[in-house]
Amino acid sequence: IITQAKVRLASLQLVNEIYPTPISDTQATTNVVTKISTNFTYKLQFTKTGRNIHVCGSITNVSGSILNRVEEILEVTNSEFEPYTNYTLMGSNSNGNINLSFNSEALTLVGSMADRETIIVNQTYQALN
């Protein structure tokens with residue numbers, strides 16, 4: 001038996017899948033990722049539509065020195081947002097672009113970053129689930 005309540009619920013679920021509510025994440029909230037390194041702070045927003053995930057926001061170096069090596073920044077703690085494969089995400093800063101490596105284990109800085117420098121991230125990737 002198909003009731004009005006079932007039709008409304010199915011419609012609402014469809015709308016929520018097409019237009020999901022973004023999930024905000026910082027080192028204080030850790031809804032999707034958690035900080036590995038104390039050298040960074042972050043403010044990111046994740047939006048999942050099907051298997052496509054859009055992430056935007058900023059990551060800031062608060063270490064007090066220049067970081068010029070590969071360093072793990074964030075770890076995915078919510079399995080729904082784990083990347084399908086290894087991705088190179090492009091972040092931008094005052095000097096141009098910085099590569100971030102993103103896989104099932106961590107988001108990793110590849111390159112250098114000055115103290116108090118902020119990387120802006122605005123990328124889409126596919127989730128494993």
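Atom CD in Q123 sits 13.5 Å away from atom CD1 in I53 (nearest 0.5 Å). One finds the CD1 atom of I59 at 11.5 Å from the CG atom of N93 (value rounded to the nearest 0.5 Å). Distance check, rounded to the nearest 0.5 Å: CG of D25 to CG of N31 gives 5.0 Å. How far OG of S101 is from CG of L107: 8.0 Å, rounded to the nearest 0.5 Å. If you take CE on M90 and CG on N99, they are separated by 4.5 Å, rounding to the nearest 0.5 Å. Put simply, CG on L44 and CG on N122 are 11.0 Å apart, with the number rounded to the nearest 0.5 Å.
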Before you tell me yes or no, could you show the steps for V121 and Y42 under side-chain contact (heavy atoms from CB on, under 4.5 Å), namely the whole-Å CA-CA distance, both residues' side-chain angles and the distance that decides it to 0.1 Å?
CA-CA 10 Å; V121 178; Y42 64 95; over 6 Å; no
Just do the side-chain contact (heavy atoms from CB on, under 4.5 Å) check on I23 and F81 with the steps written out, would you?
CA-CA 11 Å; I23 299 172; F81 293 85; 3.6 Å; yes
For N39 and E71, what are the C-alpha separation, side-chain angles and deciding distance, and is it a side-chain hydrogen bond (donor to acceptor under 3.5 Å, both in side chains)?
CA-CA 9 Å; N39 292 333; E71 182 161 348; 2.7 Å; yes
Dump the intermediate steps for side-chain contact (heavy atoms from CB on, under 4.5 Å) on T47 and N52, then the final yes or no.
CA-CA 8 Å; T47 306; N52 292 323; over 6 Å; no
Take N97 and S92 through the test side-chain contact (heavy atoms from CB on, under 4.5 Å) and record every step on the way to the result.
CA-CA 4 Å; N97 292 328; S92 60; 3.7 Å; yes
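Minimum heavy-atom separation, E72 to S37: O-CB, 3.4 Å. The shortest non-hydrogen separation linking P83 to S104 is CG-N, 3.9 Å. For the residue pair P20 and K48, the shortest heavy atom distance occurs at CG-O, 2.9 Å.
Using a 4.5 Å cut-off on side-chain heavy atoms (C-beta onward), Y125 and V55 make contact.
Summarising the local packing, NZ of K43 is surrounded by 12 or fewer heavy atoms from other residues, nucleotides or ligands at distances under 6.0 Å. Heavy atoms from other residues, nucleotides or ligands lying under 6.0 Å from CD of Q126 number more than 12. With a 6.0 Å radius and a threshold of 12 heavy atoms from other residues, nucleotides or ligands, L12 has its CG atom above the threshold.
T124 and H54 share a donor-acceptor pair across their side chains, judged by distance under 3.5 Å alone. Counted by atom type alone, E75 and T34 present zero donor-acceptor pairs between their side chains at under 3.5 Å. Donor-acceptor pairing under 3.5 Å is lacking for the side chains of N129 and E80.
D115 places a side-chain N or O within 3.5 Å of a backbone atom of G64 that can act as its donor or acceptor partner. Side chain of K6 to main chain of I1: a donor-acceptor pair is present (N/O by atom type, distance under 3.5 Å, no hydrogens or angles). Although no hydrogens or angles enter the test, the distance criterion places no donor-acceptor pair under 3.5 Å between the side chain of E82 and the main chain of S79. Listed for the N61 side chain is no donor-acceptor partner under 3.5 Å among the backbone atoms of F40. Side chain of T30 to main chain of Q27: no donor-acceptor pair is present (N/O by atom type, distance under 3.5 Å, no hydrogens or angles).
I120 and L100 are assigned to two separate hydrophobic clusters, defined by single-linkage of ILVMFWY side chains at heavy-atom distances under 4.5 Å. Transitive grouping of hydrophobic side chains (ILVMFWY, heavy atoms separated by less than 4.5 Å) brings L128 and V76 into a common cluster. No continuous path of hydrophobic side-chain contacts links I98 to I36 [ILVMFWY only; heavy atoms under 4.5 Å]. Cluster annotation: I66 is not connected to M113 through the hydrophobic network of ILVMFWY side chains, with a link wherever side-chain heavy atoms come within less than 4.5 Å. Under a hydrophobic clustering in which Ile, Leu, Val, Met, Phe, Trp and Tyr are joined whenever their side-chain heavy atoms come within less than 4.5 Å, directly or via other members, V32 and Y84 fall into the same cluster.
Evaluation of the side-chain hydrogen bond (donor to acceptor under 3.5 Å, both in side chains) rule for T60 yields T118 as partners, not counting sequence neighbours. Judged as a side-chain contact (heavy atoms from CB on, under 4.5 Å), and not counting sequence neighbours, the contacts of T85 are Y87.
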